[in-house]
K.L.:
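Quick one: this structure, given as structure tokens, is what I'll be asking you about.
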Protein chains: 2
Amino acid sequence: MTDKNVISLDKIKVACRDCSLSTLCLPMGLRPEDVDRLDAIVKRNRPLQRGDHLFRAGESFRNLYVVKTGAVKTFTQNNDGDEQVVGFHLPGEVLGLDAIQDGHHGCSARALETTAICELPFDRLEDLSTNIPSLQHQMFRLLSKEIGQEAEMMALLGRSTAEERVASFLLSLSERFKRRGFSATDFFLSMSRQEIGSYLGLALETVSRLFTRFQDEQILKVERKHVQILDIDRLRAMINHNSNCEQHQARPSS
Amino acid sequence: MTDKNVISLDKIKVACRDCSLSTLCLPMGLRPEDVDRLDAIVKRNRPLQRGDHLFRAGESFRNLYVVKTGAVKTFTQNNDGDEQVVGFHLPGEVLGLDAIQDGHHGCSARALETTAICELPFDRLEDLSTNIPSLQHQMFRLLSKEIGQEAEMMALLGRSTAEERVASFLLSLSERFKRRGFSATDFFLSMSRQEIGSYLGLALETVSRLFTRFQDEQILKVERKHVQILDIDRLRAMINHNSNCEQHQARPSS
DNA sequence: ATGCTACTTTGACGTACATCAAATGGGTGG
DNA sequence: CCACCCATTTGATGTACGTCAAAGTAGCAT
């Protein structure tokens, strides 16, 4: 455990130019010298442990955060005290974009597992963006991508059956893992059934039942957090059938 | 009818500095000289008639569009051929933000009534943003606001009852009309029950039934497209009761 | 090992909303 | 003024999914 942490700590301090995520992350498309200028404002703190907060709803906004390793959920709290999951964030994905607007975080963020984060002071990022047009462009694209993905999610929640939602969710994870160099068909869920259900607008029991059904139908093999996709085409068929045709895959990754 | 058009055409050509929307729109917070530089890239074409397309899904992205008067819906098409409404856009609200990402519109936009539009060539807007830091900041805020609003909508669709959805929708319109100087309690819906239902993830009959019920309960007076809110506090109570407490009102306007 | 706790699965049941169907009413064009 | 069309309303019925409840199971601390 302590050994593992030491290793992680070493890996975290990798500069943007040497980071394996650079093709997914903000530096994407920047010239090497601009990547270094970006790198100069990035802060890399010690990793979060499962359950640690990255920020809380209502806190004032100072930084954007990029997941380097691990996974983070964002969520809001309703008055019953239980939480509504707004999103899951994998390596290379940016958090805090909704807070630029009024300088306050609208949701909380919490690590689902041991997680390394790159921290970008937003005022410095803005300064840099005025000086590096391609960085400004990249920022616009990043924000726009988030808007497009959320619109897809709205369509999913507004129209789809439980089956389609769960299928979309699994395909989204699959795509995102794949782009990050992991297996597209064999991965571990870092979130609970409860959290998946909250995100998809379903009861946790419904999520569980669908996992079971997909397994019975030889589409998946599920054992607690461990998921193997056996027949990805049938998963894809589920969402192309009843749902929007615009989006070829569920949430095309980030 | 022709008379009306002539009058509209005059009003449309108003420059940003003289536009009543300038406090809601992109120029918000810019210095007067910068507003003029922004104004210089704005194109103002003849108004759209009800049913006209502003852009279609798949078209390549050239411009952002701001609604000046009227109303626009954005929507995607599913393979059954029927449409999923993604959003309704009132004066001062910007369309096309999701297309920055990959240079193609992900949804179509169509006028719900006679509508005047300001057109902003995005490449020129980007250039201007690098030269006017406050414009860049304004752009970031705009994109971020859209992200926050969509997240709220996701929460609404993921968790709420039909009652809450319709209440939220009405409160959202109310707030947005109010900020634009119109009555917050007496307005006309430019969209059909079908379109409202599609947007809220409900059947049109459910929307109709809830309008009727709210009217029976003395919360609304509805006569076809004409809505009067009689008891806005009870509408608010509906969404504070079962739904998220984070958001004070449904979709705080744009 | 042993027990505790949290998560997951599975079953039984109820309900909010979709769907189907028909009646009503406004608006538009002849 | 009439006829047609489409939006809306209203009613009847079905069902997908939520809720409640209980049993099974892994992980963890002692």
Side-chain angles (χ1 to χ4, degrees), chain A residues 1 49-51 73 78 80 82-85 110 112-114 156-169 188-217 220-227 238 241-243, chain B residues 1 49-51 73 78 80 82-85 112-113 156-169 188-217 220-227 238 241-243:
Chain A
M1 192 56 166
Q49 297 304 313
R50 175 179 167 79
K73 71 171 173 184
N78 69 6
D80 308 341
D82 52 33
E83 62 187 45
Q84 159 91 347
V85 174
R110 192 184 259 211
L112 289 167
E113 55 189 278
T114 304
L156 188 74
L157 293 174
R159 191 162 35 196
S160 307
T161 63
E163 177 184 286
E164 290 173 84
R165 295 184 198 194
V166 173
S168 286
F169 174 72
F188 285 81
L189 302 173
S190 48
M191 67 296 283
S192 68
R193 304 288 188 268
Q194 170 87 262
E195 288 164 330
I196 296 171
S198 171
Y199 178 61
L200 295 176
L202 299 172
L204 71 95
E205 293 94 332
T206 304
V207 176
S208 174
R209 273 185 254 266
L210 279 161
F211 278 3
T212 308
R213 213 186 82 204
F214 288 170
Q215 177 154 258
D216 292 346
E217 293 172 349
L220 296 183
K221 187 163 183 319
V222 189
E223 199 190 343
R224 266 182 104 69
K225 305 279 189 194
H226 184 196
V227 173
M238 284 181 189
H241 200 245
N242 301 317
S243 178
Chain B
M1 195 57 165
Q49 297 304 313
R50 174 179 169 78
K73 71 170 173 186
N78 69 4
D80 308 340
D82 51 32
E83 61 187 46
Q84 159 93 347
V85 174
L112 289 167
E113 57 190 276
L156 188 73
L157 293 174
R159 198 174 18 209
S160 307
T161 63
E163 177 183 288
E164 290 173 84
R165 294 184 199 194
V166 173
S168 286
F169 174 71
F188 285 81
L189 302 173
S190 48
M191 67 295 285
S192 68
R193 304 287 188 268
Q194 171 87 261
E195 289 165 329
I196 296 170
S198 171
Y199 177 61
L200 295 177
L202 299 172
L204 69 95
E205 295 93 331
T206 304
V207 176
S208 175
R209 272 184 253 267
L210 279 161
F211 279 4
T212 307
R213 212 186 83 204
F214 287 171
Q215 176 154 257
D216 292 346
E217 293 173 347
L220 295 183
K221 188 162 183 319
V222 189
E223 199 190 346
R224 264 181 107 68
K225 305 279 187 192
H226 185 194
V227 174
M238 284 181 189
H241 200 247
N242 302 318
S243 176

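Quick caveat, the model's predicted, so the values are computed rather than measured. Here is how names work: the chains are called A, B, and so on, in the same order as the sequence lines, proteins then strands, and each is numbered from 1.
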K.L.:
Which residue, B:Val207 or A:Ala203, contacts DNA chain D at a nucleotide closer to its 5' end, judged by nearest heavy atom?
P.N.:
B:Val207
K.L.:
Across the strands shown, which category fits B:Gly201 at heavy-atom distances under 4.0 angstrom: base, sugar-phosphate, nothing?
P.N.:
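Since only primed, P, OP1 and OP2 atoms lie under 4.0 Å of B:Gly201, the category is sugar-phosphate.
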K.L.:
Any idea which of C:dC17, C:dT8, D:dG18 is nearest the A:Ser208 side chain?
P.N.:
C:dT8
K.L.:
Give a yes/no on whether any side-chain N or O of B:Lys225 is located under 4.0 angstrom from OP1 or OP2 of D:dT8.
P.N.:
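True: B:Lys225 side-chain N/O within range (under 4.0 Å) of D:dT8 OP1/OP2.
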K.L.:
Between the side chains of B:Glu217 and B:Arg213, is the shortest nitrogen-to-carboxylate-oxygen separation below 4.0 Å, so that they form an ion pair?
P.N.:
yes
K.L.:
Send over the distance from B:Leu189 CG to D:dA7 P, rounded to a whole Å.
P.N.:
15 Å
K.L.:
In whole angstroms, how far is the P atom of D:dA16 from the CG atom of A:Leu200?
P.N.:
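Whole-Å distance recorded here is 19 Å.
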K.L.:
In whole Å, what is the span from the CE atom of B:Met191 to the C1' atom of D:dT8?
P.N.:
16 Å
K.L.:
Given the rule in the side chain to side chain contact (heavy atoms under 4.5 Å, CB included) test, do B:Phe169 and B:Leu210 qualify, once you have shown the distances and angles that lead to the verdict?
P.N.:
CA-CA 12 Å; B:Phe169 174 71; B:Leu210 279 161; over 6 Å; no
K.L.:
Looking at B:Glu83 and B:Lys73, does any basic side-chain N land under 4.0 Å from a carboxylate oxygen?
P.N.:
yes
K.L.:
Please state whether the phosphate of D:dG18, meaning OP1 or OP2, lies under 4.0 angstrom from any side-chain nitrogen or oxygen of A:Thr206.
P.N.:
yes
K.L.:
Measure from CG on B:Leu204 to C1' on C:dT19 and round the result to the nearest Å.
P.N.:
11 Å
K.L.:
So, B:Glu164 versus B:Thr161: side-chain donor-acceptor pair below 3.5 Å or not?
P.N.:
yes
K.L.:
Taking the side chain of B:Arg209 as heavy atoms from C-beta outward, which of D:dG11, C:dT10, C:dC7 is closest to it?
P.N.:
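So the nucleotide nearest the side chain must be D:dG11.
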K.L.:
Whole-Å distance between C:dT9 C1' and A:Gln215 CD?
P.N.:
12 Å
K.L.:
Under 4.0 Å between any heavy atoms, over every strand shown, what does B:Leu202 touch: base, sugar-phosphate, or nothing? Just pick one.
P.N.:
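Answer is sugar-phosphate: B:Leu202 comes under 4.0 Å of backbone atoms only.
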K.L.:
With respect to the side chain of B:Thr212, which nucleotide from C:dC17, C:dT10, D:dT10 is positioned closest?
P.N.:
D:dT10
K.L.:
Using atom CZ of B:Arg193 as one end and atom C1' of D:dT10 as the other, report the distance to the nearest whole Å.
P.N.:
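The distance from CZ of B:Arg193 to C1' of D:dT10 comes to 14 Å, rounded to the nearest Å.
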K.L.:
Of the nucleotides D:dT10, C:dT8, C:dC17, which has the atom closest to the B:Thr161 side chain?
P.N.:
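The answer is C:dC17, which lies nearest to the side chain.
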K.L.:
When the distance from CZ of A:Arg50 to C1' of D:dC28 is rounded to whole Å, what number comes out?
P.N.:
13 Å
K.L.:
Could you please name the option among D:dT19, C:dT8, D:dT10 that lies closest to any side-chain atom of A:Ser192?
P.N.:
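Of D:dT19, C:dT8, D:dT10, C:dT8 is nearest to the side chain of A:Ser192.
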K.L.:
Might you work through the side chain to side chain contact (heavy atoms under 4.5 Å, CB included) test for A:Glu163 and A:Phe214, ending with a clear yes or no?
P.N.:
CA-CA 9 Å; A:Glu163 177 184 286; A:Phe214 288 170; 4.0 Å; yes
K.L.:
Can you figure out which of C:dG26, C:dT8, D:dG18 approaches the side chain of A:Arg224 most closely?
P.N.:
C:dT8
K.L.:
Considering only C:dT9, D:dT10, C:dA18, which nucleotide approaches the side chain of A:Glu205 most closely?
P.N.:
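Nearest listed nucleotide: C:dT9.
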K.L.:
What is the distance, to the nearest angstrom, from the NE2 atom on A:His226 to the P atom on D:dG27?
P.N.:
13 Å
